[in-house]
Amino acid sequence: MRHFARLIVLLLFIPLFGGCGYNSLQLQEEAVFKAWADIEATLQRRADLIPNLVETVKGYAKHEAGTLEAVINARAKATSIKLSTADLGNAAVMGQFQEAQGGLNSALSKLMVVVEQYPDLKANQNFLDLQSQLEGTENRINVARQRYNKAVEEFNGAIRAFPASLTNSILLHLDRKEYYKADEAAKVAPQVKF
C-alpha cells in the first residue's frame, strides 16, 4: 500500500517536471552544442582547404613566401585552439578562439591580395575551384555562426525566464553561453579606392 501511495505521488509530480522547463532547458542546451559543432565543422572544412590553396599559389608566387607562411601559421594557430562545450560559457576562452579565427581571416585576405597580382593564377582552373570552395565555406561559417547565436539567444533567454529559471537554479545549474562575436577589425568598414 505504501509503494502504491508513492507511485501515485510520483505520477502527480511528473506533469510538473514537464511544465517547469526541466526537459526543455536541456534540449535547448543541446541545440547550442549542436550549433557550435556545426561551426567547428565548417571551420575544419576551411582549415582543410587552406593547404591546397597555399600549394596552388606557391607554384605561381614563389617570392611571396612571407604571405604564404603567414597563412600557414595563422591556420596552425586557429586549429590549435580547441573548445569544449564546457567552454561555451567562458568569455575569455571564447575570445581567444575568435581572435585566432580572426587572424586566419586576415591572413587569407592578404593572400587574396597577392593572388590579384598574378593573372596566370587567377586563370588557373584549380585555383578557381579552390577559391570557389573557400567562398562557399565562408558563407557556411557565417550561417553556422548565425544559427549558433540564435540557439544561444533562446537558451540564455530560457534559463532566465520563470519558471525555468527556478528549475535551473535548483536542479540543473546550467551556465549562460557566450555569443559568437564579430572581430574588432570587422567594425571598421573597408575603404574602396580607385
Between [Y] and [X], is there a side-chain heavy-atom distance shorter than 4.5 Å?
{"X": "L174", "Y": "Q28", "result": "no"}
{"X": "I50", "Y": "L104", "result": "yes"}
{"X": "Y179", "Y": "E153", "result": "yes"}
{"X": "Y22", "Y": "L172", "result": "yes"}
{"X": "M94", "Y": "D87", "result": "no"}
{"X": "L134", "Y": "Q131", "result": "no"}
{"X": "M112", "Y": "L53", "result": "yes"}
{"X": "L88", "Y": "F155", "result": "no"}

Could you go step by step and tell me if N105 and Q101 meet the side chain to side chain donor-acceptor pair (under 3.5 Å) rule? CA-CA 6 Å; N105 288 341; Q101 292 299 321; over 6 Å; no
Single-linkage hydrophobic cluster [X]~[Y], side-chain heavy atoms < 4.5 angstrom:
{"X": "V93", "Y": "I81", "result": "yes"}
{"X": "I72", "Y": "V57", "result": "yes"}
{"X": "V113", "Y": "F127", "result": "no"}
{"X": "L25", "Y": "F162", "result": "yes"}

Mind listing the closest non-hydrogen atom pair of [X] and [Y] along with its distance?
{"X": "A164", "Y": "G21", "answer": "CB-CA, 4.3 Å"}
{"X": "A47", "Y": "P51", "answer": "O-CD, 3.0 Å"}
{"X": "A151", "Y": "A31", "answer": "CB-O, 3.9 Å"}
{"X": "Y148", "Y": "W36", "answer": "CD1-N, 3.6 Å"}

Could you tell me whether a side-chain N or O of [X] sits under 3.5 Å from a main-chain N or O of [Y], the two making a donor and an acceptor?
{"X": "R176", "Y": "N156", "answer": "no"}
{"X": "S106", "Y": "G103", "answer": "no"}
{"X": "S132", "Y": "L128", "answer": "no"}

Is the shortest side-chain N to carboxylate O distance from K177 to E29 below 4.0 Å?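 A salt bridge is present here (some side-chain N lies under 4.0 Å from a carboxylate O).
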Verdict with supporting geometry, E178 and V152, side chain to side chain contact (heavy atoms under 4.5 Å, CB included): CA-CA 7 Å; E178 291 295 319; V152 168; over 6 Å; no
Taking side chain to side chain donor-acceptor pair (under 3.5 Å) as the definition, give me every residue that meets it alongside D48, ordered by chain and number, with sequence neighbours left out.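 Residues passing side chain to side chain donor-acceptor pair (under 3.5 Å) with D48: Q44.
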Just to verify, what does D175 make a side chain to side chain donor-acceptor pair (under 3.5 Å) with, not counting sequence neighbours?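 With neighbours one apart ignored, the set is empty.
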For [X], I'd like to know if atom [atom1] has over 12 heavy atoms of other residues, nucleotides or ligands within 6.0 Å.
{"X": "R160", "atom1": "CZ", "value": "no"}
{"X": "R147", "atom1": "CZ", "value": "no"}
{"X": "E69", "atom1": "CD", "value": "no"}
{"X": "E99", "atom1": "CD", "value": "no"}

Rounded distance (nearest 0.5 Å) linking atom CD1 of I39 with atom NZ of K34: 10.5 Å
Apply side chain to side chain contact (heavy atoms under 4.5 Å, CB included) to R46 and T42, showing your working. CA-CA 6 Å; R46 178 173 66 178; T42 50; over 6 Å; no
Side chains of Q125 and D129: is there a donor and an acceptor less than 3.5 Å apart? yes
